[in-house]
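Quick notes on the structure that follows.
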Amino acid sequence: MHESGSASVVGELYDLPLKILRDHLVPAEPAELEIGVIELEDGSAALATVLRDAMVDPLLRSGDIRDISYLGDWREFLHREG
């Protein structure tokens, strides 16, 4: 989560072996992403793919990413943006 704040967003929770995460998912992620720990609605924690903190501001300034956290849902963004 970017150090400037936090937001509640809809997500998907998957249960998978750490071997799959280590051998397949992590190596396939772009360098801008990393594994982080997020807090779920019930207060428990889960691993998640997150944007590296150091990448947020440069990518926002360049226009390569847009903060859509105010919508709280990726599908809502897709619905609004067509």
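What you see is a predicted model; the values in this text were computed from it and never measured. The figures here come from the full heavy-atom set of this structure, side chains too, leaving out hydrogens, waters and symmetry mates.
- Applying the side-chain hydrogen bond (donor to acceptor under 3.5 Å, both in side chains) test to every pair with at least one member in residues 30-43, sequence neighbours left out, gives these pairs: E34-R52, D42-S44.
- One distance of note links CG of L51 with CG of L33; it measures 6.0 Å at 0.5 Å rounding.
- The list of side-chain hydrogen bond (donor to acceptor under 3.5 Å, both in side chains) pairs with a residue in residues 7-16, not counting sequence neighbours, reads E12-Y14, E12-R75.
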Name every donor-acceptor pair, under 3.5 Å, that has one atom in a side chain of residues 17-30 and the other anywhere in the protein, sequence neighbours excluded.
{"unit_1": "K19", "atom_1": "NZ", "unit_2": "D23", "atom_2": "OD2", "d": "2.9"}

side-chain contact (heavy atoms from CB on, under 4.5 Å) for W74 and V9? Distances and angles first, verdict last. CA-CA 8 Å; W74 173 250; V9 296; over 6 Å; no
Determine all donor-acceptor pairs shorter than 3.5 Å in which one atom belongs to a side chain in residues 59-67; sequence neighbours excluded.
{"unit_1": "S62", "atom_1": "OG", "unit_2": "P58", "atom_2": "O", "d": "3.3"}
{"unit_1": "S62", "atom_1": "OG", "unit_2": "L59", "atom_2": "O", "d": "3.0"}
{"unit_1": "S62", "atom_1": "OG", "unit_2": "D64", "atom_2": "N", "d": "3.2"}
{"unit_1": "S62", "atom_1": "OG", "unit_2": "D64", "atom_2": "OD2", "d": "3.0"}
{"unit_1": "R66", "atom_1": "NH2", "unit_2": "E81", "atom_2": "OE2", "d": "3.2"}
{"unit_1": "D67", "atom_1": "OD1", "unit_2": "S69", "atom_2": "N", "d": "2.9"}
{"unit_1": "D67", "atom_1": "OD1", "unit_2": "S69", "atom_2": "OG", "d": "2.6"}

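- Taking the side chain to side chain contact (heavy atoms under 4.5 Å, CB included) definition, one finds that V10 meets it with D73, sequence neighbours left out.
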